[in-house]
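In the text below, chain A, chain B and the rest are named by the order of the sequence lines, each starting its count at 1.
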Protein chains: 2
Amino acid sequence: MTDREARRQQILDRARDVFARRGYHQAKIDDIVAAAGVARGTFYLYFQDKRAIFEELFRRFWQKIVVSMARIDVERPVEPQVLAQIRRILDVFLDDPAMAKILLSDAAGLDAEFDRRLLAFASDAAKLLEDALREGQDWGLVKPGSPSVLGFFLVGGVKEVLLQMVRSSMPIDREATTRDIYAVLARGILVETPKVKARAAAAGAKRPKGVGAKGAPKRKKTLAG
Amino acid sequence: MTDREARRQQILDRARDVFARRGYHQAKIDDIVAAAGVARGTFYLYFQDKRAIFEELFRRFWQKIVVSMARIDVERPVEPQVLAQIRRILDVFLDDPAMAKILLSDAAGLDAEFDRRLLAFASDAAKLLEDALREGQDWGLVKPGSPSVLGFFLVGGVKEVLLQMVRSSMPIDREATTRDIYAVLARGILVETPKVKARAAAAGAKRPKGVGAKGAPKRKKTLAG
DNA sequence: CGGGCGACTGACACTCGCGTCTGATCCGAG
DNA sequence: CTCGGATCAGACGCGAGTGTCAGTCGCCCG
């Protein structure tokens, strides 16, 4: 039956490409069978319908992600563990850009049932992350703040960075990106300065208070994703 | 013609609700006309097709966002400006949760043309934000790191927080959320500690290095969105 | 009063893509 | 060579959903 498995895999691979290129709704069965070089009927020999093949792709990639996860051991130095974790996630997504794009931009909005399942995943995982952050706060490793807000922020940040990287298909320095993300986690992006109440009216290149540049354009971007 | 405008607005409002509830693809013209209490034909008197009404909703909301934006003046204290900016964004989205949900989760993946336009928006805005961050780095206000990675991270973080808030429709403390987001921007989430190379093997509740709790579950959440 | 106008209606014809099915073809095993 | 299973090409029927169009209705104006 290794023959059958190979054929199945071939169709899966091509379907993945089509989904990534066109998006779920624009991807027609005809596109998939054409890309896979098989007849229409053959497709239905291996998969019940379009939804089923999409779910299988989704499930397989999800599995890779889950495997890449490791709990942080607070008894040991945390920084290298977190760096390694970030790097693993980057690798999983960037090694399969097509699936990454599908997961990050097409997965939502398929239908009510699929959305429901994603939401369920999301809320389970959010709760776990919340607990992890709360625990970190208890240990004094994580700063105060609503754990759920922090968690969503981190998750969203990583998602967006990955999505943009995959979309623009520009050259990616994974090592540098890992460090950048870690830097945000660890220290934020604004320079820490003593509480200088400097009203700083006049000119001169004296830096005012310790806060960052965040201009109008920023959120523009936000929504475009 | 105020009559005509009113009718148009009525259809727009109801369509917004339907899109928010069902998502773009699941929302049928029949759903919209039923919700608006008009006949099928009437809909086409006011809008060319489903795509057109969606674009109009999108365009209007986008306008509100653009208006809410203000450039950060580095000559004046930055912290209050950034806090106010975060708060304005929160207000725009949370005051119209239906549109927020549509924008944040249904906008991508409509079709090739719409995606293309979103990407254009995104890359323009990303470039502007990149410039802002780079400028901030020149001024010493923003820490080193790839401006584009930082920018995407921030944008993604804000998006995700908003999306989850809108989705779960739980009670929201806008003031506290504003502070939480600012805190991440300004200082990250991990507690800063001196470079203690503490290998810290044994037990004991001594805190190791200054890094945060980020466990396996986290990314699970990531993808679910 | 009646004729015309424009907003509105909803049944209808049409398109599109899905999933099935049929008969032909290919190929390895016996 | 022959048989049977897998595959092929593509025609087919079908249901969902769209956009249209002939017709209705209330209103105003002469």
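- Residues A/Asp95 and A/Arg174 are paired through a salt bridge, judged by an N-O separation under 4.0 Å between the basic side chain and the carboxylate.
- Look at NZ on A/Lys50: it is 9 Å from P on C/dG17, rounded to the nearest Å.
- Ring geometry for B/Phe58 versus B/Trp62: interplanar angle under 30°, hence parallel rather than tilted (30 to 60°).
- Separating the OH atom of A/Tyr44 from the P atom of C/dT22 is a distance of 17 Å, rounded to the nearest angstrom.
- For B/Thr42, a side-chain nitrogen or oxygen approaches OP1 or OP2 of C/dT9 to under 4.0 Å.
- Side-chain proximity of A/Arg40 to the nucleotides D/dG10, D/dT18, D/dT7 is greatest for D/dG10.
- For A/Asp49, whose side chain is taken as the heavy atoms from C-beta onward, the closest listed nucleotide among C/dG19, D/dA9, C/dC8 is C/dG19.
- Ion pair B/Arg21/B/Asp17 not flagged as a salt bridge, since none of the NZ, NE, NH1 or NH2 atoms sits closer than 4.0 Å to an Asp/Glu carboxylate oxygen.
- The residue from A/Phe47, A/Phe114, A/Phe61 that alone fulfils the ring-ring contact (aromatic ring centres under 6.0 Å, His included) condition with A/Phe54 is A/Phe114.
- Within the 4.0 angstrom heavy-atom criterion, only backbone atoms of the sugar-phosphate kind lie near A/Tyr46; the bases stay farther away.
- Atom-to-atom, CZ of A/Phe43 to C1' of C/dG17 comes out at 13 Å; the value is rounded to the nearest Å.
- Side-chain proximity of B/Leu45 to the nucleotides C/dT9, D/dG19, C/dC18 is greatest for C/dT9.
- Contacts between residues 9-35 of chain B and DNA chain D, counted as heavy-atom distances below 4.0 Å, involve B/Lys28, B/Ile29.
- We find that A/Asp31 and A/Lys28 are not joined by a salt bridge, their nearest charged nitrogen and carboxylate oxygen being 4.0 Å or further apart.
- Salt bridge status for A/Arg8 with A/Glu56: present, with a side-chain N to carboxylate O gap under 4.0 Å.
- Atom CZ in A/Arg7 sits about 12 Å away from atom P in D/dA6, given to the nearest Å.
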